[in-house]
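Right, one structure below, let's go through it.
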Amino acid sequence: MPQVPTLTLNDGQQIPQLGFGVFQIPPRDTAAAVARALEVGYRHIDTAEMYGNEAEVGEAVRASGLERDAVWVTSKLNNGAHRPDDARQAFEGTLSALGLGHVDLFLIHWPLPTLYEGDFVSTWRTLEELQRDGRIRSIGVSNFQVEHLERLAAETDVTPAVNQIELHPYFQNREVKAYGEAHGIATEAWSPIAQGAVLDDETIGEVAREVGRTPGQVVLRWHLERGNIVFPKSADPDRTAENFALFDFRLTESQLERIDALDRGEDGRNGPHPNGFDMVPS
Ligand SMILES: NC(=O)c1ccc[n+]([C@@H]2O[C@H](COP(=O)([O-])OP(=O)(O)OC[C@H]3O[C@@H](n4cnc5c(N)ncnc54)[C@H](OP(=O)(O)O)[C@@H]3O)[C@@H](O)[C@H]2O)c1
């Protein structure tokens, strides 16, 4: 089984650079999908309270027979729980749903600058407090823009270990990624294959033919070589294995640059813009 490279975060923790995402996997299918991923060799699972499948992720991790420290588990604070007391309670809910004693990474899922009087700072201070309590190894954010990260830098003590943002060949989110690189914040790329939208791209198809791999593998390999942490989602056992088979080929610098050139800037964004996103699940 190939060894997935790890990246060292700014708090010293080692995160596997390739993981498995479970957004939009229905709870009834999640334990089997995660069990399959662990069997294939993934050792990093990305879930969230919002996905409604933390319990099934925990069930599969616990049933796997793997040591707890062999699997990196990330979850995220839901949008309705940004106030400090709510965040503490939501974190207890996450641990209890997972049935685990700690999470490796806990993220503020969205900054929600139009809600809570724009106060994600007290939410972040609550994550700092929870980390000190010892049941979260690393704390980070998701969908934070540069201005949000600058505010945390000015008003709080701990730099996020990661920022999980939309990033794929059509939307390379360069300004936010560059801020992370300059400030020691690792970039996690969500929707790394744009939920499939980049797989029919002509350039990606050409590179795939050149290296004898699938378009999905080429895009995921591009992420790894560009330093991103990725966790493609698949509910299909074969594609789950395909997305893990990334460690026996490389792309040349010129192939990487041809994919870099596919960036469409803001026009390539698929998901909502974090400055306006204000969905609070009922
Ligand atoms: N923080 C955030 O706000 C946020 C937002 C979105 C996602 N995420 C995280 O990022 C993870 C990945 O993003 P995502 O789920 O949006 O999208 P994605 O991983 O870019 O794409 C998943 C889609 O592509 C298909 N697919 C997967 N591998 C494939 C392959 N090799 N060939 C062809 N099709 C393939 C999947 O279908 P099948 O299942 O049928 O294979 C699914 O429809 C999520 O699961 C979640 O953990 C975070």
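Counting convention: from 1, in listed order, for ligands and their atoms alike.
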task: Heavy-atom contacts with Ala194 under 4.0 Å: which atoms of ligand 1 show up? List them by number with element.
output: 20 (O)

task: Measure the distance from atom 22 (C) of ligand 1 to every protein heavy atom, then report the residue, atom name and distance (to 0.1 Å) of the closest one.
output: Lys233 O, 3.4 Å

query: Is Arg239 touching ligand 1 with its side chain, its backbone, both, or neither, if touching means heavy atoms under 4.0 Å apart?
result: side chain

query: What do we get for Ala48 next to ligand 1 when only non-hydrogen atoms under 4.0 Å count, side chain, backbone, both or neither?
result: neither

Option set Ile108, Asp238, Ile193, Val219, criterion heavy-atom distance to atom 20 (O) of ligand 1, minimum: Ile193

message: Students should be able to answer this: which protein heavy-atom is nearest to atom 45 (O) of ligand 1, and at what distance?
response: Phe23 N, 3.0 Å

message: Donor-acceptor check, side chain of Asp119 to backbone of Ser122, threshold 3.5 angstrom: yes or no?
response: yes

- prompt: Should you measure from each heavy atom of Ala235, which atoms of ligand 1 turn up under 4.0 Å away?
  reply: 38 (P), 39 (O), 41 (O)

query: When you measure from atom 3 (O) of ligand 1 to every protein heavy atom, which one gives the shortest distance, and what is it?
result: Asn143 ND2, 3.0 Å

message: Could you check whether Glu210 pairs with Arg258 (Lys NZ or Arg NE/NH1/NH2 to Asp/Glu carboxylate O, under 4.0 Å)?
response: yes

task: Heavy-atom contacts with Leu199 under 4.0 Å: which atoms of ligand 1 show up? List them by number with element.
output: 32 (N), 33 (C), 34 (N)

message: I'd like to know if Arg88 pairs up with Glu92 as an ion pair, taking the criterion as any Lys NZ or Arg NE/NH1/NH2 lying under 4.0 Å from an Asp or Glu carboxylate oxygen.
response: no

message: Does Gln14 have more than 12 heavy atoms from other residues, nucleotides or ligands lying within 6.0 Å of its CD?
response: yes

task: Hey, can you tell me if Tyr116 and His82 have their rings parallel, tilted or perpendicular (30° and 60° cut-offs)?
output: parallel

- prompt: Between the main-chain N or O of Glu155 and the side-chain N or O of Arg125, is there a donor-acceptor pair closer than 3.5 Å?
  reply: yes

Test log, rule ring pair (Phe, Tyr, Trp, His ring centres under 6.0 Å), inputs Phe231 and Phe20: CA-CA 4 Å; Phe231 22 81; Phe20 182 74; over 10 Å; no

query: Counting only heavy atoms, which portion of Ser234 has something under 4.0 Å from ligand 1: side chain, backbone, both, or neither?
result: both

Geometric cation-pi criterion, Arg151 with Phe120: 6.0 Å, 45°: yes

statement: Here the atoms of ligand 1 under 4.0 Å from any heavy atom belonging to Pro232 are 19 (O)

message: Just to be sure I read this right, does ligand 1 sit under 4.0 Å from the backbone of Thr240, its side chain, both, or neither, counting only heavy atoms?
response: neither

- prompt: Can Gln195 be said to touch ligand 1, with heavy atoms closer than 4.0 Å?
  reply: yes

task: Just let me know how Asn243 lines up against ligand 1, side chain, backbone, both or neither, with a heavy-atom cut-off below 4.0 Å.
output: side chain

task: Look at the side chain of Gln164 and the backbone N and O of Ala189, then say whether any donor-acceptor pair between them is shorter than 3.5 Å.
output: no

- request: Pick one of side chain, backbone, both or neither for how Glu242 approaches ligand 1, counting any non-hydrogen atom pair under 4.0 Å.
  value: side chain

query: Nearest protein heavy atom to atom 46 (C) of ligand 1, by residue and atom, and its distance?
result: Tyr51 OH, 3.4 Å

- prompt: Quick one: which ligand 1 atoms are inside 4.0 Å of a heavy atom on Asp46?
  reply: 9 (C), 46 (C), 47 (O)

Glu253/Arg226 ion pair, N-O < 4.0 Å: yes

query: Does Thr47 approach ligand 1 within less than 4.0 angstrom via side chain, backbone, both or neither, non-hydrogen atoms only?
result: neither

task: May I ask you to say whether Glu188 pairs ionically with Lys177, meaning some side-chain N is under 4.0 Å from a carboxylate O?
output: no

- request: Look at atom 13 (O) of ligand 1 and say which protein heavy atom is nearest, naming residue and atom and giving the distance to 0.1 Å.
  value: Ser191 N, 3.1 Å

message: Within the 4.0 Å heavy-atom shell around His109, which atoms of ligand 1 are there?
response: 1 (N), 2 (C), 3 (O)

- request: For the residue pair Phe91 and Phe106, categorise the inter-ring angle as parallel (less than 30°), tilted (30 to 60°) or perpendicular (more than 60°).
  value: perpendicular

- prompt: Out of Trp190, Trp110, Phe20, Phe231, whose heavy atom sits nearest atom 7 (C) of ligand 1?
  reply: Trp190

Residues Lys233 and Asp46 bridged, charged N to O under 4.0 Å: no

message: Which of the numbered atoms in ligand 1 are under 4.0 angstrom from any heavy atom belonging to Gln164?
response: 1 (N), 2 (C), 4 (C), 8 (N), 9 (C), 48 (C)

